[in-house]
Amino acid sequence: MSTRQKLLIATLIVTAIFGIVPSASATSATGTVAVTATTVASVSLTFVTDGAGITLSGTGTSAATIAFGSVQAYGGAVPANVTKAVNGTTNWSLSTPFDVVVEVANQTSSNYTLTAALQTADATNTWALGATNLSTTAATLTSTGAYGSTAYTFKLTIPFSAAAGAISNTINFTATAN
């Protein structure tokens with residue numbers, strides 16, 4: 001065999017050997033992520049400052065505050081968007097609207113029931129939402145409330161016979177999808 005043929009065979013052998021060696025290419029792997037969730041029906045209840053009412057502390061939350069400050073039956077300053085009324089020689093009141101926002105998610109419900117109750121009994125003052133006087137027993141404000149924002153007027157009536165001092169209580173609301 002000639003040198004040229006030997007050289008050709010050697011070149012073919014070397015080419016075959018390097019052709020069999022795996023190339024250095026990128027490797028890959030695959031995988032999956034399973035996603036599961038269970039939705040639960042829910043109702044949201046928040047309080048918002050009404051455009052015609054006193055500014056609520058905590059507006060847009062489920063724990064707001066109406067703070068009238070220092071007020072008096074005769075004279076004195078009345079907070080903005082609060083109505084003061086003197087009823088003869090019997091009592092006086094402060095009233096203001098605020099908005100109750102009820103929303104529903106992940107359930108079929110065309111309306112809701114809204115109740116309210118005082119957290120602590122008050123044998124002196126009268127607490128009312130609209131025409132409904134409040135006590136520690138839940139009172140129904142609406143049994144077919146439309147979802148969204150509804151204005152309620154809060155009224156605190158203070159008898160002239162009450163001693164001067166701080167007045168404080170909490171109104172507990174419950175919205176239940178129908």
Any chance you could measure N91, atom CG, to S161, atom OG, to the nearest 0.5 Å? 9.0 Å
If you define the side chain from C-beta out and look only at heavy atoms, does anything of V71 sit under 4.5 Å from W92? yes
Given side chains that start at C-beta, do those of S62 and L45 come closer than 4.5 Å, heavy atoms only? no
OG of S143 to CG of L114, rounded to nearest 0.5 Å, is 10.5 Å
So do the side chains of S135 and L118 get within less than 4.5 Å of each other, counting heavy atoms only? no
Ring centroids only, cut at 6.0 angstrom: are Y74 and F160 within range, meaning strictly under it? yes
Considering only heavy atoms from C-beta outward, does the side chain of N125 approach that of L156 to under 4.5 Å? yes
Residue pair Y147 / S109, side-chain donor-acceptor N/O under 3.5 Å: yes
Please report the closest heavy-atom contact between T59 and V48, naming both atoms and the distance. OG1-CA, 3.2 Å
Using the test side-chain hydrogen bond (donor to acceptor under 3.5 Å, both in side chains), find all partners of S42 that sit at least two apart in sequence or belong to another chain. none
Any donor-acceptor pair under 3.5 Å linking the side-chain atoms of T113 with those of N178? yes
Reported CG-to-OG distance for the pair N81 and S95, which is rounded to 0.5 angstrom: 11.0 Å
So CG of N169 and CG of D122: to nearest 0.5 Å the spacing works out to 6.0 Å
Any L134 side-chain heavy atom under 4.5 Å of L129 side chain: yes
Quick one: are T144 and Y112 in side-chain contact, heavy atoms under 4.5 Å? no
Start with the C-alpha distance between Q107 and V43, add both sets of side-chain angles, then the distance that settles side-chain contact (heavy atoms from CB on, under 4.5 Å), and finish with yes or no. CA-CA 9 Å; Q107 64 182 308; V43 176; 3.7 Å; yes
Can you find a pair of side-chain heavy atoms, one from D99 and one from F47, that are under 4.5 Å apart? no
About how many Å separate OG1 of T46 and CD of E103, when rounded to the nearest 0.5 Å? 7.5 Å
For T136 versus A121, what's the shortest heavy-atom pair and its separation? CG2-N, 3.3 Å
Please identify each residue that fulfils ring pair (Phe, Tyr, Trp, His ring centres under 6.0 Å) with F98, with sequence neighbours left out. none
Indicate whether the side chain of W127 and that of N133 have a donor and an acceptor atom separated by less than 3.5 Å. no
Do Y152 and F173 sit in the same hydrophobic cluster, where Ile, Leu, Val, Met, Phe, Trp and Tyr count as joined when their side-chain heavy atoms come under 4.5 Å apart? yes
Do the side chains of F154 and I171 get nearer than 4.5 Å, heavy atoms only? yes
Can you tell me how far apart CD1 (I167) and CG (L94) are? Round to the nearest 0.5 Å. 8.0 Å
